[in-house]
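Here is the structure we will look at.
Only heavy atoms go into these numbers, but all of them, side chains included; no hydrogens, no water, no symmetry mates. For ligands, and for the atoms within them, numbers begin at 1 and follow the listed sequence. Numbers here simply count residues along the sequence, with the first being 1.
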Amino acid sequence: MRIAELGGEFALIKRLTCESQDPAVIRGVGDDCAVVQYTQEKYLLITVDMMVEEDHFSLSWHTPFQIGRKLMESNVSDILAMGGSPRWAFLSLSLKTDTTVEFMEELYCGLYDSASRHEVSLIGGDTTHGSVMTLSLTVIGEVEKSLLRLRSYAVPGDFICVTGTLGKSEAGLRVLKRGFRNGYVQGHLVPHCRTREEARAIALNAHAMIDVSDGLGSEVRHICEESGTGARIDWERIPISHDTLQAAELLHEEPQEYALYGGEDFELVFSIPPENIPKLKEKFSDFSVVGEILPKSEGLYLLKGGNMVAVKGGYDHFVS
Ligand code: ADP
Ligand code: MG
């Protein structure tokens, strides 16, 4: 059977894995990080993300510096999505025989640039050879037990919020693929995840949290599945930057589609009791309300121009 027939990457992971019986494991497969016992006050967080040449990055569009940066930002984003702080990293490389030392030096400059922004120490890895360049970064972090925010913590009545703006990465990818020289591409080439201070401010007030790696639709679906709820996403309230809007105009497409079904914006999506919003705004205000968590019986849907519309699947390596 093909993976697409089974339903894609998440269906495959569900089929292949079983729950850990180790009492030290608080959360295994199924969230942005694994969560394990660490100290009296803190849990340890562990996440791994892989980038493959011509899939997650293109050697004709990305500089090696940008590839290294993106790898670190995408992993740190998963630690932040748990309410945590990143600390240590391991980088595993599979390189081609014609990869140059200079290329790798620049890639590591990008990696260290992002690592120093997030106060992460690279403390190991593995190096081997293969037919395409593959990079796998593991990041380990920590979170105060009271600040842990799982995908499963959403409650009906919570507002759904997103930080910053969405659709930037997909907009840039489409501009690059169509070969427009004058379009907006930075959102794809130089994605930024949030900071630990921002994630902490959100965690203090929010219930569930997840980062945007596969699109808003997919992330809200994960929250609903894990929390046993439904949700409404308001199409008109999805925050889109001026640059993304212009790129979408250039391509004659709807930027909200990029936000919902594109990936790799590395913003944070969280569910928050409405009464906590003013408190969060005192510390951090770069977020928008885009919907509401509903009882499971109401399902997951988009409200677009007053009509209920189904939420499609997000980016999936085997289905898209
Ligand atoms: P994210 O996009 O937040 O990095 P993923 O969608 O990659 O998360 O993974 C979702 C969950 O599935 C995570 O808990 C991850 O650790 C787990 N997972 C992914 N691939 C595998 C695998 N091959 N075996 C076991 N667990 C996996
Ligand atoms: Mg994630």
Query - Under-2.8 Å neighbours of the Mg ion (ligand 2), protein N/O/S atoms only - result: 3

Report task. Would you mind listing which atoms of ligand 1 come within a distance below 4.0 Å of any non-hydrogen atom of Gly30? Result -> 11 (C), 13 (C), 14 (O)

Query raised in the report: With sequence neighbours left out, which residue pairs that include part of residues 152-166 fulfil the side-chain hydrogen bond (donor to acceptor under 3.5 Å, both in side chains) condition?
Result: Asp158-His207, Asp158-Ser271, Thr163-Glu267

Requested in this report: Heavy-atom distances under 4.0 Å are what count here, so tell me which part of His222 touches ligand 1: side chain, backbone, both or neither.
Outcome: neither

**Report entry** Protein heavy atom under 4.0 Å of atom 11 (C) of ligand 1
**Finding:** yes

Report task. Return a yes/no value: protein heavy atom under 4.0 Å from atom 16 (O) of ligand 1? Result -> no

Query raised in the report: With the threshold set at 4.0 Å, does a side-chain nitrogen-carboxylate oxygen contact exist between Asp286 and Arg194?
Result: yes

Report task. Kindly indicate whether the side chain of Val309, heavy atoms from C-beta on, has any atom under 4.5 Å from the side chain of Leu303. Result -> no

Query raised in the report: In terms of residue, atom name and distance, what is the protein heavy atom nearest to atom 4 (O) of ligand 1?
Result: Asp78 OD2, 3.1 Å

Report task. Give a yes or no on whether atom 26 (N) of ligand 1 lies under 4.0 Å from any heavy atom of the protein. Result -> yes

Query - Derivation of the side-chain contact (heavy atoms from CB on, under 4.5 Å) call for Phe90 and Ile123 - result: CA-CA 6 Å; Phe90 288 78; Ile123 57 169; 3.9 Å; yes

Query raised in the report: Which one of Leu12, Ile13, Asp214, Asp31 has a non-hydrogen atom at the shortest distance from atom 21 (C) of ligand 1?
Result: Ile13

Report summary line: ligand 1 atoms nearer than 4.0 angstrom to some heavy atom of Phe10 are 6 (O)

**Report entry** Option from Arg151, Arg27, Lys296 for which salt bridge (charged side-chain N to carboxylate O under 4.0 Å, His left out) with Glu226 holds
**Finding:** Arg27

Requested in this report: Show your reasoning for whether side-chain contact (heavy atoms from CB on, under 4.5 Å) applies to Ile240 and Ile238.
Outcome: CA-CA 6 Å; Ile240 307 285; Ile238 297 173; 4.0 Å; yes

Query raised in the report: Is there at least one pair of N or O atoms, one from Thr17 and one from ligand 1, spaced under 3.5 Å apart?
Result: no

Report task. State whether any protein heavy atom lies less than 4.0 Å from atom 23 (N) of ligand 1. Result -> no

Report summary line: Restricting to heavy atoms, the pick from Ser213, Gly263, Ser77 nearest atom 2 (O) of ligand 1 would be Ser213

Query raised in the report: Below 4.0 angstrom, N of the basic side chain to O of the carboxylate: do Lys42 and Glu142 qualify?
Result: yes

Query raised in the report: In terms of atom number and element, which parts of ligand 1 are under 4.0 angstrom from non-hydrogen atoms of Arg151?
Result: 3 (O)

Query raised in the report: For ligand 1, which part of Asp49 has a heavy atom less than 4.0 Å away: the side chain, the backbone, both, or neither?
Result: side chain

**Report entry** atom 7 (O) of ligand 1 protein-contacted, heavy-atom criterion under 4.0 angstrom
**Finding:** no

Query raised in the report: How about Glu253 and Tyr258: does a side-chain donor come under 3.5 Å of a side-chain acceptor?
Result: yes

Report task. Answer side chain, backbone, both or neither: which part of Val29 comes under 4.0 Å from ligand 1, heavy atoms only. Result -> both

Query raised in the report: Do we see a donor-acceptor contact under 3.5 Å between the side chains of Ser58 and Ser60?
Result: yes

Query - Audit row: Asp214, Tyr261, side-chain contact (heavy atoms from CB on, under 4.5 Å) steps and yes/no - result: CA-CA 7 Å; Asp214 301 318; Tyr261 309 119; over 6 Å; no

Query raised in the report: Looking just at side-chain N and O atoms, do His118 and Glu73 make a donor-acceptor pair shorter than 3.5 Å?
Result: yes

Report task. Mark the output for Met82 as yes if a heavy-atom distance to ligand 1 is under 4.0 Å, and as no if none is. Result -> no

Report summary line: Minimal heavy-atom distance between Asp211 and Ala81, with the atoms involved, is N-CB, 3.5 Å

Query raised in the report: Is the closest side-chain donor-acceptor distance between Ser241 and Thr244 under 3.5 Å?
Result: yes

Query raised in the report: So, is the end of the Lys281 side chain (NZ or CZ) under 6.0 Å from the ring centre of Phe287 and within 45° of the ring's axis?
Result: yes

Query raised in the report: Protein heavy atom under 4.0 angstrom of atom 19 (C) of ligand 1, is there one?
Result: yes

